[in-house]
Amino acid sequence: MTTPSTPEASPPAPVLPRHFIHDEIDADLAAGKNEGRVQTRFPPEPNGYLHIGHAKSICLNFGLAQRYGGKCNLRFDDTNPTKEEQEYVDSIQEDVRWLGFTWDRLTYASDFFEELYHFAEHLITNGKAYICDLSGDEVSEYRGSLDKPGRESPFRHRTPAESLDLFRRMRAGEFKDGARTLRAKIDMSSPNPNLRDPVLYRILHAHHHRTRERWCIYPMYDFAHGQCDALESITHSICTLEFEIHRPLYNWFLENLPVKAHPRQIEFARLNLSYTVLSKRKLLELVRDKHVSGWDDPRMPTLSGIRRRGYTPESLRAFCDGIGVARNNGTIDRAVLENSIREDLNKRALRAMAVLDPLKITIENFPEGQIEWIEAVNNPEDPAAGTRKIPFTRTLWIEREDFKEDPPKKYFRLSPGKEVRLRYAWCITCKEVKKDASGNVTELVCTYDPATLHGATTDGRKVKGIIHWVSAEHAFEAPVRLYDHLFSSEHPDDVPEGVDWKSGLNPGSLVVAPHPKLEPSLQHAEGGQHFQFERVGYFFVDPKDSRTGAPVFHRTTTLRDAWARIEKRAEG
RNA sequence: UACCCCGUGGUGUAACGGUAGCACAAGAGGUUCUGGUCCUCUUAGUCAAGGUUCGAAUCCUUGCGGGGUAACCA
């Protein structure tokens with residue numbers, strides 16, 4: 001007999017939090033716009049690797065499409081051939097797929113170069129754009145400044161016929177880079193500098209990663225973006241706050257061009273994360289100047305770096321859904337990200353024992369040569385993960401920080417004469433401390449209580465501390481890379497005038513454990529697997545550097561550590 | 001100095017003129033063979049001053065604070 005499922009019994013579907021963009025879309029839908037369609041796009045420029053800030057945008061754009069039963073395109077905004085590369089195009093697609101999203105159409109702004117060119121001729125013909133012969137410096141001088149209106153270009157009143165001829169000759173390659181531009185004729189005294197006759201096309205004799213040498217004039221972002229949106233029938237063009245001031249121009253083009261659709265631009269605040277930088281320029285600099293091993297260095301906030309660090313797409317999506325979407329500029333605490341991966345990995349990561357900073361102990365009343373195979377749970381959160389056997393022998397490794405000769409108050413771990421439980425095994429008591437000539441502890445001699453393998457002590461004495469261990473005879477060593485914040489300061493972008501932002505780099509962001517001792521089952525760990533090293537942290541088997549039988553571990557994040565907090569508080 | 005946007009606990013985000021809620025962080029306790037997980041509880045907020053209203057985080061005005069904008073970048 002099965003219990004009939006009642007509505008109460010089935011867990012409610014997770015409701016993603018609403019935000020202001022939903023309000024806007026709902027209003028558009030209610031007003032009957034776009035035939036009830038919702039279509040978005042994620043429009044990266046292929047000039048760098050995607051980072052976690054892009055993840056927010058990806059989750060937003062694809063998430064909106066999912067929520068409203070619409071579609072989301074992936075569009076490469078490739079209008080500047082001097083900065084864009086195929087390598088970036090490839091990595092971006094990989095990252096979006098990895099995050100778990102499937103685009104409807106894969107497009108490139110360059111797919112629309114011919115249409116954009118004709119749009120430009122249309123503006124010229126209608127007297128709304130002209131060819132300007134001013135140099136770059138002159139253009140910016142004529143533009144005025146934030147508080148001073150601009151002056152009209154002397155070429156502003158060229159006839160449409162003359163401009164059209166010049167524009168065609170620009171395309172034909174008759175002029176050198178920078179010799180002329182196509183400019184919109186809008187308003188040189190507008191308080192919005194974007195409307196002061198913005199440049200639409202510039203001459204660039206450059207190789208483009210897709211169109212090769214086909215073009216020597218390229219549209220500017222403003223002239224390309226909205227029109228591409230319209231050509232793709234995008235309904236809602238979501239972008240970050242710094243484009244807000246471009247919106248009047250975005251709309252001006254759509255109003256003055258023969259486009260069928262009129263998408264709407266909506267801006268939101270980009271993600272900022274503490275203890276890292278999130279600008280492509282700075283990330284590129286870190287890569288180029290070798291402060292990190294590459295775009296996929298596990299300390300990088302890039303999606304490829306975060307992936308190699310051991311973050312899961314599920315945890316990233318949960319993070320992005322949880323932080324909200326608004327128009328306030330703010331910085332998310334790194335701890336929120338860490339919380340999202342801990343929450344995910346706690347449920348799925350297999351447990352194992354690994355001693356990162358080993359200290360040798362000898363159980364003097366445990367027979368030499370004897371091996372006891374002890375059963376250990378693979379994941380207490382998931383019974384289906386089963387159990388495994390771990391070898392216990394007379395000589396073991398324990399964590400050096402799990403022993404203190406002079407234990408502070410509330411220290412539950414090993415110290416002379418004190419008893420602790422070895423996880424899954426027996427309770428031991430420290431009988432003797434061996435040291436080298438300079439006073440460093442080299443070995444502990446302990447005894448074990450054979451009656452304590454399962455359950456408590458027989459005489460009722462309490463053993464509060466539990467520590468992890470590895471059989472010295474069976475342990476193996478493997479590279480274990482311990483990562484920390486890339487920057488020591490919480491807001492690495494906030495540096496005083498004249499100070500290099502890179503001076504905030506954390507010198508301890510990567511520490512390789514010198515002689516970690518791992519339990520034997522870990523030898524067969526495969527690239528891409530997640531583990532929790534009990535009492536230590538979550539670790540990821542690096543798919544890039546690991547080989548069969550020779551895994552390389554990356555610390556994704558530490559476990560929450562109540563003792564560390566107590567210690568820290570005691571210090572100061 | 002011009003224009004635009006934004007101000008809700010420490011951080012981020014809800015509340016759509018009607019009980020200021022959630023998450024993270026912080027703190028206290030409980031459970032636990034991970035000082036993990038889990039559970040309970042606590043601290044803590046509407047930038048300020050006026051105005052409209054029976055009633056304002058929400059609408060208006062002013063002030064203050066933060067951010068954006070002057071590439072032939074996106």
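Residue numbers start from 1 in every chain, and the chains themselves are labelled A, B, ... in the order their sequence lines are given, proteins ahead of strands. Note that the structure is a prediction, hence the values are computed from the model and not measured.
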Within 6.0 angstrom of A:His454 NE2, more than 12 heavy atoms from elsewhere: no
Atom [atom1], compared across [N] and [M]: separation rounded to whole Å:
{"N": "B:A26", "M": "B:A14", "atom1": "P", "answer": "24 Å"}
{"N": "B:C59", "M": "B:C3", "atom1": "C1'", "answer": "24 Å"}
{"N": "B:C39", "M": "B:C47", "atom1": "C1'", "answer": "38 Å"}
{"N": "B:U11", "M": "B:G36", "atom1": "P", "answer": "27 Å"}
{"N": "B:U40", "M": "B:U32", "atom1": "C1'", "answer": "16 Å"}
{"N": "B:C22", "M": "B:A15", "atom1": "P", "answer": "15 Å"}
{"N": "B:G30", "M": "B:G68", "atom1": "C1'", "answer": "50 Å"}
{"N": "B:A25", "M": "B:U37", "atom1": "P", "answer": "9 Å"}

Of the candidate nucleotides [options], which contains the atom at the shortest distance from the side chain of [X]?
{"X": "A:Glu244", "options": "B:U37, B:C5, B:A74", "answer": "B:C5"}
{"X": "A:Asp147", "options": "B:U1, B:A71, B:A74", "answer": "B:U1"}
{"X": "A:Gln532", "options": "B:G35, B:G68, B:U34", "answer": "B:U34"}
{"X": "A:Ile466", "options": "B:G36, B:A74, B:C33", "answer": "B:C33"}
{"X": "A:Ile245", "options": "B:U8, B:A74, B:U69", "answer": "B:U69"}
{"X": "A:Asp561", "options": "B:C5, B:G36, B:G35", "answer": "B:G35"}
{"X": "A:His19", "options": "B:C24, B:A14, B:G12", "answer": "B:A14"}
{"X": "A:Ile332", "options": "B:G35, B:G67, B:G12", "answer": "B:G12"}
{"X": "A:Leu146", "options": "B:U11, B:A2, B:G35", "answer": "B:A2"}
{"X": "A:Ala562", "options": "B:C6, B:C72, B:G36", "answer": "B:G36"}

Euclidean distance, atom [atom1] of residue [X] to atom [atom2] of [N] [Å, nearest integer]:
{"X": "A:Asp493", "N": "B:G68", "atom1": "CG", "atom2": "C1'", "result": "15 Å"}
{"X": "A:Asp494", "N": "B:U11", "atom1": "CG", "atom2": "C1'", "result": "15 Å"}
{"X": "A:His491", "N": "B:G10", "atom1": "NE2", "atom2": "C1'", "result": "11 Å"}
{"X": "A:Leu337", "N": "B:U11", "atom1": "CG", "atom2": "P", "result": "19 Å"}
{"X": "A:Tyr108", "N": "B:A74", "atom1": "OH", "atom2": "P", "result": "17 Å"}
{"X": "A:Glu381", "N": "B:U32", "atom1": "CD", "atom2": "P", "result": "16 Å"}
{"X": "A:Asn272", "N": "B:U11", "atom1": "CG", "atom2": "P", "result": "14 Å"}
{"X": "A:Arg18", "N": "B:A23", "atom1": "CZ", "atom2": "P", "result": "20 Å"}

A:Arg202 vs B:A74: side-chain N/O to OP1/OP2 distance below 4.0 Å: yes
Heavy atoms under 4.0 Å, any strand shown: does [X] hit a base, just sugar-phosphate, or nothing?
{"X": "A:Pro380", "answer": "base"}
{"X": "A:Asn329", "answer": "sugar-phosphate"}
{"X": "A:Gly465", "answer": "nothing"}
{"X": "A:Phe223", "answer": "nothing"}
{"X": "A:Arg342", "answer": "nothing"}
{"X": "A:Val325", "answer": "sugar-phosphate"}
{"X": "A:Ser190", "answer": "nothing"}
{"X": "A:Thr331", "answer": "sugar-phosphate"}
{"X": "A:Thr79", "answer": "sugar-phosphate"}
{"X": "A:Leu241", "answer": "nothing"}
{"X": "A:Gly136", "answer": "base"}
{"X": "A:Glu534", "answer": "base"}
{"X": "A:Phe243", "answer": "base"}
{"X": "A:Leu271", "answer": "nothing"}

For the side chain of [X] and the base of [N], is some donor closer than 3.5 Å to an acceptor across the two?
{"X": "A:Arg413", "N": "B:G35", "answer": "yes"}
{"X": "A:Arg351", "N": "B:U34", "answer": "yes"}
{"X": "A:Asp23", "N": "B:C16", "answer": "yes"}

For the pair [X] and [Y], find out whether any cationic side-chain nitrogen is under 4.0 Å from an anionic carboxylate oxygen.
{"X": "A:Glu232", "Y": "A:Arg41", "value": "no"}
{"X": "A:Glu375", "Y": "A:Arg388", "value": "no"}
{"X": "A:Arg421", "Y": "A:Asp449", "value": "no"}

Is the Lys NZ or Arg CZ of [X] less than 6.0 Å from the centre of [Y]'s six-membered ring, within 45° of the axis?
{"X": "A:Arg151", "Y": "A:Tyr142", "value": "yes"}
{"X": "A:Arg202", "Y": "A:Tyr218", "value": "no"}
{"X": "A:Arg334", "Y": "A:Tyr275", "value": "no"}

Upstream residue (5' side of RNA chain B) when A:Asn339 and A:Ser145 are each assigned their closest nucleotide: A:Asn339
Pairwise 5' ranking along RNA chain B for A:Ala564 and A:Ala326, keeping only the more 5' one: A:Ala326
Rounded distance [0.5 Å steps], OG in A:Ser274 versus NE2 in A:His485: 6.5 Å
Intermediate values then yes/no, ring-ring contact (aromatic ring centres under 6.0 Å, His included), A:Phe392 and A:Trp426: CA-CA 10 Å; A:Phe392 185 98; A:Trp426 294 275; 4.8 Å; yes
Stacked pair A:Tyr221-B:A74, distance under 5.5 Å, angle under 30°: no
